[in-house]
Amino acid sequence: MERWRDRLALVTGASGGVGAAVARALVQQGLKVVGCARTVGNIEELAAECKSAGYPGTLIPYRCDLSNEEDILSMFSAVRSQHSGVDICINNAGLARPDTLLSGSTSGWKDMFNVNVLGLSICTREAYQSMRERKVDDGHIININSMSGHQVPPQSVAHFYSATKYAVTALTEGLRQELREAQTHIRATAWPLTGAQLLSRLSLLAQCISPGVVETQFAFKLHDKDPEKAAATYEHMKCLKPEDVAKAVIYVLSTPPHVQIGDIQMRPTEQVT
């Protein structure tokens with residue numbers, strides 16, 4: 001990780017859960033981290049904690065609505081003017097609404113699509129342009145995907161969400177191909193976690209990190225009218241922790257530039273009876 005010290009990483013959805021854990025881990029490694037979310041109170045608290053702990057990096061909170069392109073472009077403009085630009089982009093922000101395919105609301109579908117697909121794509125495009133403008137040829141783009149982007153869960157409230165995550169899987173593969181065509185060493189990672197496959201040297205790296213069930217506030221937001229159902233989501237198995245995903249991100253970033261890592265899928269392995 002030494003080559004990343006003092007360089008800048010953007011982490012979307014950094015106000016809690018996986019995003020906050022990833023932001024903290026990067027600051028511990030000495031990076032400048034712009035952590036963005038619609039509300040930044042929690043990120044400001046995390047930044048203060050990191051500073052008090054004496055971590056070598058810095059966490060910079062930034063308010064950004066990932067469903068709004070103007071907000072995203074404004075954020076990248078600010079990063080460009082204040083910190084030169086982005087070297088690592090971690091597309092973590094995502095949301096789910098309990099809108100089924102047969103009776104869901106169009107507004108709920110749009111909310112999910114705007115953040116999970118369009119927001120991710122806009123951040124990817126702007127991060128790549130930032131790297132190319134500064135002739136950064138070793139940058140990295142990491143998509144925090146989901147196991148729902150590889151197999152459709154048997155819960156109707158998650159079907160449209162799953163479709164957006166399948167889109168992330170396709171977008172990551174498309175990004176690999178376009179980076180190859182551009183003959184750049186910028187790497188892209190998307191994640192579904194069960195293991196890492198080391199591949200032969202290529203001119204780029206495109207990966208996807210897709211965790212299974214991670215114990216966060218995700219289920220409570222999805223089932224906001226039924227907290228008991230939300231709590232039950234995490235009770236039947238030994239869930240992944242946000243820190244597990246953060247460690248996976250550090251692992252990917254710490255590999256040498258000549259090593260390509262395939263998609264990583266993470267799942268809980270122990271069932272709780």
Side-chain angles (χ1 to χ4, degrees), residues 1-14 18-19 22-23 25-36 56-60 62 64 66 72-73 75-93 119-145 168 171-191 196 198-209 245-246 248-264:
M1 290 293 292
E2 186 61 30
R3 69 188 178 96
W4 295 114
R5 286 181 70 92
D6 297 323
R7 298 179 71 178
L8 191 134
L10 170 68
V11 180
T12 67
V18 171
V22 170
L26 293 176
V27 173
Q28 287 176 315
Q29 295 292 332
L31 281 79
K32 295 178 184 176
V33 179
V34 173
C36 73
T58 305
L59 177 56
I60 305 159
Y62 196 95
C64 180
L66 272 297
I72 298 174
L73 297 181
M75 174 177 64
F76 274 91
S77 178
V79 170
R80 183 183 298 109
S81 63
Q82 298 172 25
H83 308 285
S84 295
V86 172
D87 299 304
I88 298 170
C89 178
I90 300 178
N91 289 310
N92 165 75
L120 176 146
S121 298
I122 296 168
C123 286
T124 296
R125 179 190 67 200
E126 296 304 310
Y128 172 74
Q129 294 299 330
S130 174
M131 296 173 197
R132 295 294 284 178
E133 288 170 3
R134 295 172 295 120
K135 294 181 171 50
V136 171
D137 198 41
D138 65 342
H140 209 131
I141 299 168
I142 296 178
N143 292 333
I144 305 298
N145 198 358
V168 172
L171 288 168
T172 304
E173 176 56 28
L175 179 59
R176 287 189 182 109
Q177 295 181 17
E178 292 193 25
L179 288 172
R180 184 181 298 116
E181 291 169 2
Q183 298 183 335
T184 176
H185 289 81
I186 294 171
R187 305 201 290 178
T189 302
W191 214 320
L198 299 181
L199 304 179
S200 59
R201 180 170 183 167
L202 294 174
S203 62
L204 65 140
L205 174 57
Q207 303 149 313
C208 183
I209 298 179
V245 183
V249 169
I250 296 300
Y251 168 70
V252 168
L253 290 173
S254 66
T255 56
H258 68 279
V259 175
Q260 173 162 331
I261 299 175
D263 292 352
I264 299 178

Asks: I72 and L66: which non-hydrogen atoms are nearest, and at how many Å?
Replies: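 The pair with the smallest heavy-atom distance is CD1-O, 3.6 Å.
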Asks: Going from OG1 on T255 to CZ on R187, what distance comes out if it is rounded to the nearest 0.5 angstrom?
Replies: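 Atom-to-atom, T255:OG1 and R187:CZ are 4.0 Å apart.
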Asks: If I compare all heavy atoms of R5 with all of E2, which pair ends up nearest, and what's the gap?
Replies: CD-OE2, 3.0 Å
Asks: Do you know which two heavy atoms are closest between Y62 and V34, and how far apart they sit?
Replies: CB-CG1, 4.0 Å
Asks: So, taking the atom named CD in E178 and the one named CD in E173, what distance separates them when rounded to the nearest 0.5 Å?
Replies: 11.0 Å
Asks: Looking only at heavy atoms, which two atoms of V11 and G19 are closest? And how far apart?
Replies: CG1-O, 3.7 Å
Asks: Rounded to the nearest 0.5 Å, what's the gap from CG on L31 to CG on L253? Could you check?
Replies: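 Nearest 0.5 Å value for the CG-CG distance: 8.0 Å.
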Asks: Step by step, work out the side chain to side chain contact (heavy atoms under 4.5 Å, CB included) result for N143 and L171.
Replies: CA-CA 10 Å; N143 292 333; L171 288 168; 5.6 Å; no
Asks: Can you give each donor-acceptor pair under 3.5 Å made by side-chain atoms of residues 75-84, sequence neighbours left out, with the distance rounded to 0.1 Å?
Replies:
{"unit_1": "R80", "atom_1": "NE", "unit_2": "E133", "atom_2": "OE1", "d": "3.4"}
{"unit_1": "S81", "atom_1": "OG", "unit_2": "S77", "atom_2": "O", "d": "3.3"}
{"unit_1": "S81", "atom_1": "OG", "unit_2": "A78", "atom_2": "O", "d": "3.1"}

Asks: Taking C-beta and beyond as the side chain, do V252 and H140 meet within less than 4.5 Å on heavy atoms?
Replies: yes
Asks: Please check if the side chain of N92 supplies one atom and the backbone of G13 the other of a donor-acceptor pair under 3.5 Å.
Replies: yes
Asks: Are T12 and N91 linked by a side-chain donor-acceptor pair shorter than 3.5 Å?
Replies: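 Distance-only check fails for T12 and N91.
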Asks: Heavy atoms only: give me the nearest M1-Q29 pair and the separation to one decimal.
Replies: CB-OE1, 3.4 Å
Asks: Is there a donor-acceptor pair under 3.5 Å between the side chain of D87 and the backbone N or O of A9?
Replies: no
Asks: Determine whether the side chains of R125 and S121 contain a donor N or O and an acceptor N or O closer than 3.5 Å.
Replies: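 No, no side-chain donor-acceptor pair sits under 3.5 Å.
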Asks: Any donor-acceptor pair under 3.5 Å linking the side chain of T172 with the backbone of V168?
Replies: yes
Asks: Can you name the closest pair of heavy atoms from C36 and L10 and give their distance?
Replies: SG-CD1, 4.3 Å
Asks: To the nearest 0.5 Å, what is the distance between OG1 on T184 and OH on Y128?
Replies: 5.5 Å
Asks: Verify side chain to side chain contact (heavy atoms under 4.5 Å, CB included) between I88 and V86, making sure each step is shown before the conclusion.
Replies: CA-CA 6 Å; I88 298 170; V86 172; 5.5 Å; no
Asks: Should L26 and I90 count as side-chain neighbours, where that means a heavy-atom distance under 4.5 Å?
Replies: yes
Asks: Find the distance between CD (E126) and SG (C89) and round it off to the nearest 0.5 Å.
Replies: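 Rounded to the nearest 0.5 Å, the CD-SG separation comes to 10.0 Å.
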Asks: To the nearest 0.5 Å, tell me how far K32 NZ sits from D6 CG.
Replies: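 Spacing of NZ (K32) from CG (D6) equals 6.5 Å.
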